[in-house]
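To start, the structure under review is shown below, and the notes come after it.
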Amino acid sequence: MSLALVNSRARAGVSAPPVRVEVHLSGGLPSTQIVGLPEAAVREARDRVRAAILCAQFEFPTRRITVNLAPADLPKDGGRFDLPIALGILAASGQIRREALAEYEFLGELSLTGELRAVDGVLPAALAVAAAGRTLVVPEPSGAEAALARQGQACTGRTLLEVCALLEGRKILPPAVAPPPLPPSIPDMADVRGQAHARRALEVAAAGGHHLLLIGSPGCGKTLLASRLPGLLPDASDAEAMESAAIASVSGRGLDPARWRQRPYRAPHHTASAVALVGGGAQPRPGEISLAHNGVLFMDELPEWSRAALEVLREPLESGTVTVSRAARTAEFPARFQLVAAMNPCPCGWAGDPSGRCRCGADVVRRYRSRLSGPLLDRIDLHVHVPRLPPHELRPDAPDGEGTAAVQARVVAARERQQARCGRPNARMGQAETMAHCRLAARDQALLERAVERLQLSARSLHRILRVARSIADLADSESIRTPHLTEALGYRSADPARGDP
């Protein structure tokens with residue numbers, strides 16, 4: 001029978017659905033036809049495969065070759081199916097043993113000389129192959145990524161000829177080996193001089209997983225503060241690190257296997273489009289908010305972003321996922337990120353500065369701040385004013401601030417209390433959990449209601465204030481929310497650009 005079956009994996013979002021490559025040889029004029037919803041790069045595989053087979057000193061069949069990529073309704077893209085198609089042709093023509101193919105799954109692009117080239121999306125495929133109980137064969141450059149799936153078996157090959165030797169039992173391919181992890185290169189909080197209020201807000205944000213908005217004049221340290229947040233967060237768990245690594249793997253931008261355990265920090269430029277943020281494309285790929293999953297997304301110059309780009313953040317900030325819908329297919333990407341945004345108080349940046357250098361009129365400032373919608377600001381828990389530092393605090397001999405290690409220790413202790421209480425950070429508590437774990441004394445409840453009425457805050461803001469107060473109490477190792485915790489949480493809502501506050 002001139003039929004061979006080879007197992008492979010496609011890329012669909014952050015998953016790797018199975019694909020069976022069916023190769024059939026029949027009589028008729030010599031031709032090669034690939035069916036099963038292939039895109040242009042997959043259709044071009046017939047020319048790459050033919051040249052690779054001939055360069056490996058095998059015979060390319062002069063028969064009618066039909067290659068079916070099943071299931072037929074799943075789109076196939078890229079050069080990942082070159083290797084399984086070549087092996088299917090060789091097995092169907094009797095040049096290699098087709099019985100050995102059942103034990104393996106194959107991914108890899110072929111050069112015209114038969115060398116194997118790396119493909120993207122190897123990590124999700126390696127995890128899926130491990131669950132299926134098979135061994136994955138990948139190109140040598142993709143071996144380090146495949147080795148991150150520790151519960152599975154993966155081996156690497158350099159050429160088509162080496163993979164054929166494996167199937168014939170003449171050679172054992174080397175196993176995929178992950179590189180040693182590199183030490184994290186995280187900026188230290190000790191570099192931040194002064195800014196006690198902003199440093200405290202950063203610690204509270206890290207402790208509870210809260211979103212943060214920094215408002216201040218140019219050069220006051222907003223970007224410096226934002227870059228220190230990843231170092232304050234607890235170390236990523238294996239599951240969190242694997243989720244983030246899988247997203248990076250399918251993004252097409254590459255994954256560094258030596259840094260896969262480090263929390264991501266993404267800082268896109270303010271000219272980025274809505275599609276660049278949430279993801280998209282004919283074959284949907286993750287955007288910046290998904291690449292920041294389990295990490296930090298920093299958005300500088302927030303009012304300069306397009307309105308469309310800002311408004312697409314609303315749903316992911318609440319749900320932690322983003323759904324990219326196309327006519328034929330829908331892809332869902334995780335997007336549980338921590339947002340740190342920064343903005344100037346006015347177009348020139350100096351409104352409210354003691355120097356009095358701002359020359360923006362009231363209408364100009366109002367229009368500038370109105371670029372940020374109320375619903376978006378409502379979803380940001382902490383609004384913090386960052387003042388310009390006096391020159392004497394920037395002198396080389398000025399005392400350093402508290403280091404990252406000491407702050408992170410307090411953050412980790414607070415997160416452990418939250419994990420024991422409800423299994424998630426305070427910022428992700430639901431309404432019922434907020435009402436159960438954020439109870440206030442009678443006089444504090446009255447204080448909160450007066451503040452909400454005076455500041456004209458929404459019910460969402462009220463619940464977020466309670467969660468921030470719970471995080472402050474956790475940092476203080478307090479079982480209940482006390483008056484100082486609540487008043488501090490309310491203070492983080494006083495600098496609201498939507499109301500024109502500085």
Q.
Keeping S244 on the side-chain end and A241 on the backbone end, is there a donor-acceptor pair under 3.5 Å?
A. no
**Q.** Spacing of OG belonging to S111 relative to CG belonging to L116, to within rounding of 0.5 Å
**A.** 8.0 Å
Q. Within the side chain of R424, is there an N or O that forms a donor-acceptor pair under 3.5 Å with the backbone of M429?
A. no
Q. Between CD1 of I247 and CE of M242, what distance do you get to the nearest 0.5 Å?
A. 12.5 Å
Q | Over 12 non-hydrogen atoms of neighbours within 6.0 angstrom of CZ in R417 | A | yes
(Q) Please report the interatomic distance CD(Q33) to CZ(R46), rounded to the nearest 0.5 Å. (A) 6.5 Å
Q.
I'd like to know if the side chain of Q418 reaches the main chain of N426, judged simply by a donor and an acceptor atom lying under 3.5 Å from each other, with no hydrogens or angles considered.
A. yes
Q.
Ignoring hydrogens, what is the shortest heavy-atom contact between Q408 and G231? Give both atom names and the distance.
A. NE2-O, 3.5 Å
Q) Just by modelled atom types, is the L167 backbone N or O under 3.5 Å from a matching donor or acceptor in the R97 side chain? A) yes
Q. Got a sec: does the CD of E318 have more than 12 other heavy atoms crowding it under 6.0 Å?
A. yes
**Q.** L372 CG to L310 CG distance, which is reported to the nearest 0.5 Å
**A.** 6.5 Å
**Q.** Heavy-atom side-chain proximity of L313 to W305 below 4.5 angstrom
**A.** no
Q: Go through T434 and R464 one step at a time and tell me if the side-chain contact (heavy atoms from CB on, under 4.5 Å) criterion holds.
A: CA-CA 9 Å; T434 302; R464 289 183 178 274; over 6 Å; no
**Q.** Result of checking V122, L127, L255 against L148 for side chain to side chain contact (heavy atoms under 4.5 Å, CB included)
**A.** L255
Q. At their closest point, which heavy atom of D300 faces which heavy atom of A342, and how far apart are they?
A. OD1-CB, 3.5 Å
Q | Shortest non-hydrogen contact from A201 toward L382 | A | O-CD1, 3.5 Å
(Q) Are V324 and F333 packed together at the side-chain level, in the sense that at least one heavy-atom pair is separated by less than 4.5 angstrom? (A) yes
Q: In sequence, state the C-alpha distance, the side-chain angles, and the governing distance for L110 and V49, and then conclude on side-chain contact (heavy atoms from CB on, under 4.5 Å).
A: CA-CA 7 Å; L110 285 171; V49 167; 4.3 Å; yes
Q.
Tell me whether the count of non-hydrogen atoms from other residues, nucleotides or ligands lying under 6.0 Å of CZ in R379 goes above 12.
A. yes
Q.
Taking D82's backbone N and O only, do any of them form a donor-acceptor pair with R48's side chain (distance below 3.5 Å, no angle check)?
A. no
Q: Enter the distance from I472:CD1 to Y492:OH here, rounded to the nearest 0.5 Å.
A: 5.5 Å
Q) Does the side chain of Q95 come within less than 4.5 Å of I89's, by heavy atoms? A) no
Q) Which heavy-atom pair separates L225 from A198 by the least distance, and what is that distance? A) CD1-CB, 3.5 Å
Q: Assess whether side-chain contact (heavy atoms from CB on, under 4.5 Å) is satisfied between R64 and S31, documenting all intermediate values.
A: CA-CA 5 Å; R64 181 178 178 82; S31 64; 3.4 Å; yes
Q. Would you say H211 and L317 make side-chain contact, with heavy atoms under 4.5 Å?
A. yes
Q. Between D188 and T404, is there a donor-acceptor pair closer than 3.5 Å when you use the side chain of the first and the backbone of the second?
A. yes
Q: Give me the ring orientation class for F298 and Y265: parallel if the planes are under 30° apart, tilted from 30 to 60°, perpendicular past 60°.
A: parallel
Q | Any side-chain heavy-atom pair of R63 and S2 under 4.5 Å | A | yes
Q) What is the minimum heavy-atom distance between G121 and V250, and which atoms define it? A) CA-CG1, 3.9 Å
Q: Would you mind listing every side-chain hydrogen bond (donor to acceptor under 3.5 Å, both in side chains) that reaches into residues 124-144, with sequence neighbours excluded?
A: E105-R134, T135-Q153
Q) Among side-chain atoms of E59 and S93, is any donor-acceptor pair under 3.5 angstrom? A) no
Q.
Closer than 3.5 angstrom, by distance alone: can the side chain of S8 be matched with the main-chain N or O of F106 as a donor-acceptor pair?
A. yes
Q.
With a 6.0 Å cut-off (strictly less than), is the heavy-atom count around CD of Q151, excluding the residue itself, greater than 12?
A. yes
Q. Less than 4.0 Å between a side-chain N and a carboxylate O, is that true for R421 and D474?
A. yes
Q.
Using every non-hydrogen atom in the two residues, find where V23 and I85 come nearest and quote the distance to one decimal.
A. CG2-O, 4.3 Å
**Q.** Test: R410 and E402 ion pair at under 4.0 Å
**A.** yes
Q.
Listing request: all salt bridge (Lys or Arg N to Asp or Glu O under 4.0 Å) pairs with a residue in residues 221-240, at least two apart in sequence or in separate chains.
A. D191-R228, D238-R261, E240-R263
Q.
Rounded at 0.5 Å granularity, tell me how far CD1 in I34 sits from CZ in R43.
A. 9.0 Å
**Q.** Residues R336 and E243 bridged, charged N to O under 4.0 Å
**A.** no
Q) Is a side-chain N or O of R9 found less than 3.5 angstrom from the main chain of A16, in a donor-acceptor match? A) yes
Q | Pairwise side-chain contact, M299 with I289, heavy-atom cut-off 4.5 Å (strictly under) | A | no
Q. Taking atom CZ of R20 as the centre, does the number of heavy atoms from other residues, nucleotides or ligands within less than 6.0 Å exceed 12?
A. no
Q | Pairs touching residues 27-39 that satisfy salt bridge (Lys or Arg N to Asp or Glu O under 4.0 Å), sequence neighbours left out | A | none
Q. When you check the gap from the basic side-chain N to the acidic O, do E288 and R253 get nearer than 4.0 Å?
A. yes
Q | Student check: side-chain heavy atoms of I53 and L160 closer than 4.5 Å | A | yes
Q: Give a yes or no on whether the backbone of A205 and the side-chain of Q338 come within a donor-acceptor separation of less than 3.5 Å.
A: yes
Q. Should the heavy atoms of other residues, nucleotides or ligands under 6.0 Å from CZ of R259 be counted, would the total exceed 12?
A. yes
Q: Could you tell me whether the side chain of T321 and the main chain of A335 form a donor-acceptor pair under 3.5 Å?
A: no
Q: Determine, step by step, whether R98 and L3 satisfy the side-chain contact (heavy atoms from CB on, under 4.5 Å) criterion, reporting the C-alpha distance in whole Å, the side-chain angles of both residues, the deciding distance to 0.1 Å, and the verdict.
A: CA-CA 9 Å; R98 60 172 66 115; L3 178 66; over 6 Å; no
Q | 4.5 Å side-chain heavy-atom contact, K171 and L166 | A | no
